[in-house]
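A short worksheet on the structure shown next.
Here is the naming used below: chain letters follow the sequence lines, and residue numbers restart at 1 for every chain.
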There are 2 protein chains.
Amino acid sequence: MVARYELIADELREEILAGAHPVGSQLPSEAELAKRHGAARGTVRQAVAVLVAEGLVGSRQGARRIVLGAARSQSFAELHSFAQWARAGGHRFGGQVIEQRRRRPSAAESARLGDGEVLEVLRLRTLEGEPVLVERTVYAEWVAPAVERLPADCESVTEALYDAIGLVFAYGEHLIDAVAAGVQDARLLGVRRGSPLLRQRRTTTTHEGRPVETSDDRYRAGSVAFSIRNSIGANPLVRQAIDLRSRPGEHMFDL
Amino acid sequence: MVARYELIADELREEILAGAHPVGSQLPSEAELAKRHGAARGTVRQAVAVLVAEGLVGSRQGARRIVLGAARSQSFAELHSFAQWARAGGHRFGGQVIEQRRRRPSAAESARLGDGEVLEVLRLRTLEGEPVLVERTVYAEWVAPAVERLPADCESVTEALYDAIGLVFAYGEHLIDAVAAGVQDARLLGVRRGSPLLRQRRTTTTHEGRPVETSDDRYRAGSVAFSIRNSIGANPLVRQAIDLRSRPGEHMFDL
DNA sequence: TAGAGGAACTTGTACAAACAAGCGAGCACT
DNA sequence: AGTGCTCGCTTGTTTGTACAAGTTCCTCTA
């Protein structure tokens, strides 16, 4: 079942994206929205809270809410799945396992994933036919068998693992910085050694908080950017717009 | 006045950070928290929603909430102010204007800041005495006079502008990627040309949605990292922990 | 013993009502 | 003309209630 407030939020979002509420203009008051939708004020409030969290709308006590952006908030776009992100952006993409082996975890890894043997996988991902991402993922022992059963050119590991064992990546922690390309990075991505790469290190867990994997992902510079919207008051946010047409070859990851 | 749910959220956060609710354990149910604090369930719900948004707690229908992390969520830590971030992390920091001039805006700039003349400022920021950040900021015409009145070694532009004209940076949009250091970057940061830099491009606006500035900030690799927590369900989140002791020379920016 | 079924618990959604607090416009006064 | 104040509007906070929906665990049955 879809919640009422979700429907109202969707409708408002559509109106904003369609230009019915231009950037800088005021949104209707909660009272009016409530009357229009025949809903209680609390429900309407929950709806606009969604938009505020998305960074589409700004809110402060006493003043009407204003529209901050009309960019298509490509909805969820979790940070976890390269495939889901690429697909949402309408990109062609692919992936290939380069290397895969079991080994004992390092101290840092066992602290995050547990004591058992881990599975390390090196994947190369392509976007529009170009190699853009080197992914070094370390899986916890309990998911290792399922990962090993995947084909080497599996497009979406996230989706494949969901189909296979019902695994859901629910929570994630991410660290983003820049590093110089190493020898292997350079060879796989087709760039010079030492050239800049955008690195995303992450650890993900299930609903229950059970650790699944940690990963070190490195993007070729100029191919992908992370994008964030935030507001001072309360709900920070994450997620955001994509418009690739303006600068070909540069893509964005929604946060 | 501080809201009740904020107080409850603070108390819960402290408990988690203090280890009273270890990572992976269950939080008390809403009913129990309500009884304990003598508050209505709705209020408690709002409190835990804050923690969920911070990524400290995971939540799903039917099951008790679980603790996901015990990292010190250095609270707000807006993406806007280098000074505020550095101070919250207990760092020594400084800043120096290298160059400053008025000029006509480019097409992209006037689309974001308006048609008037803009003020471009080049600043070099230091952390622990080391140069780590080159900041190229373009201010809209209406803030230019106030910015020009600031001392060249102003520590916190954000705070200085607030004190001077009551300006509040309320909303921001950020784009994060990696670039190679240019000639000027290399000279200022003391690195080789072409070495990796972490770039953050941002546009900020006031409460009312009035554009204030756009900036291109470049961090020396290995000095700063961005950190994000997110969850699949709903509330994205932003903000996160800092622990520098483990990897000296590497710092984090809370998102 | 394995699996189905169900009861108790817990979080999610929705409505209603009241007051607090901040904003903005218009008004009166200087 | 400019200043300060008040009043209405709008968002923020809190309480209470009811039901929906998902989880967990125990029990009963085949």
Side-chain angles (χ1 to χ4, degrees), chain A residues 1-12 21 24-53 56-68 166 168 170-171 206-210 231-235, chain B residues 1-12 21 24-53 56-68 166 168 170-171 206-210 231-235:
Chain A
M1 213 197 76
V2 180
R4 186 86 183 284
Y5 77 88
E6 289 278 11
L7 297 176
I8 298 177
D10 290 345
E11 192 175 321
L12 265 174
H21 307 291
S25 68
Q26 294 184 332
L27 230 52
S29 73
E30 290 177 2
E32 176 166 346
L33 287 173
K35 200 173 59 175
R36 185 190 304 176
H37 290 91
R41 189 184 155 217
T43 306
V44 169
R45 235 179 124 61
Q46 228 172 328
V48 294
V50 172
L51 302 184
V52 170
L56 228 52
V57 168
S59 190
R60 63 186 167 133
Q61 191 175 66
R64 278 285 253 283
R65 270 179 267 256
I66 55 172
V67 178
L68 291 176
V168 175
Y171 306 110
T206 64
H207 279 313
E208 300 88 14
R210 180 139 79 136
S231 51
I232 190 174
N235 294 22
Chain B
M1 209 200 77
V2 180
R4 189 92 122 84
Y5 76 87
E6 291 276 11
L7 297 177
I8 298 177
D10 290 345
E11 192 175 322
L12 265 174
H21 307 290
S25 69
Q26 294 184 333
L27 230 52
S29 72
E30 291 178 2
E32 176 167 346
L33 288 173
K35 199 174 58 176
R36 185 189 306 175
H37 290 91
R41 189 184 153 213
T43 305
V44 170
R45 237 180 121 61
Q46 231 172 324
V48 293
V50 172
L51 302 185
V52 170
L56 228 53
V57 168
S59 190
R60 63 186 167 133
Q61 191 174 65
R64 278 288 254 285
R65 270 179 266 256
I66 54 170
V67 178
L68 291 175
V168 175
Y171 306 110
T206 65
H207 279 313
E208 300 86 16
R210 181 140 78 137
S231 53
I232 189 174
N235 293 25

Could you note down all residue pairs passing salt bridge (Lys or Arg N to Asp or Glu O under 4.0 Å) where residues 2-12 of chain A supplies at least one of them, sequence neighbours left out?
A:Asp10-A:Arg13

Taking every heavy atom of A:Pro28 against every heavy atom of A:His21, the minimum-distance pair comes out as CD-CE1, 3.8 Å

Assign each of B:Leu27 and A:Glu6 to its nearest nucleotide of DNA chain C by heavy atoms, then name whichever residue's nucleotide is nearer the 5' end.
B:Leu27

For the backbone of A:Leu27 and the side chain of A:Arg64, can you confirm whether one donor and one acceptor N or O come within less than 3.5 Å of each other?
yes

Separation of D:dG12 atom P from A:Glu30 atom CD, nearest Å, is 6 Å

Quick one, give me the B/S/- string for nucleotides 20-25 of chain D, reading 5' to 3', where B means a protein heavy atom under 4.0 Å from the base and S means that only happens at the primed atoms, P, OP1 or OP2.
-SBSS-

Show the nearest heavy-atom pair for residues A:Val52 and A:Ser59, with the distance to one decimal.
CG2-CB, 4.0 Å

Calculate, to the nearest 0.5 Å, the distance between atoms CG and CZ belonging to A:Leu56 and A:Arg65 respectively.
13.0 Å

Roughly, in whole Å, what's the span from CD in A:Glu32 to P in D:dT11?
10 Å

Sorted by chain and number, sequence neighbours left out, salt bridge (charged side-chain N to carboxylate O under 4.0 Å, His left out) with A:Arg60 holds for B:Glu208

Between B:Ala39 and B:Ile8 the two heavy atoms that sit nearest each other are CB-CD1, 4.2 Å

Figure out the OH/P separation between B:Tyr5 and D:dT14, and round it to whole Å.
7 Å

Can you confirm whether A:Val57 sits close enough to A:Ile66 that some side-chain heavy atom of one is under 4.5 Å from a side-chain heavy atom of the other?
no

Using 0.5 Å steps for rounding, measure from the CG atom of A:Leu7 to the CG atom of A:Leu12.
11.5 Å

Under 3.5 Å, which donor-acceptor pairs link side chains of residues 41-50 of chain B to any protein atom two or more places apart or in another chain?
from: B:Arg41; atom 1: NE; to: B:Glu30; atom 2: OE1; distance (Å): 2.4
from: B:Arg41; atom 1: NH2; to: B:Glu30; atom 2: OE1; distance (Å): 3.1
from: B:Arg45; atom 1: NH1; to: B:Glu30; atom 2: OE2; distance (Å): 2.6

Contact boundaries of DNA chain C with chain A (under 4.0 Å, heavy atoms), 5' to 3'?
C:dT13 to C:dG24

Taking DNA chain C as the partner, which of residues 34-45 of chain B come within under 4.0 angstrom of it by heavy atom?
B:Arg41, B:Arg45

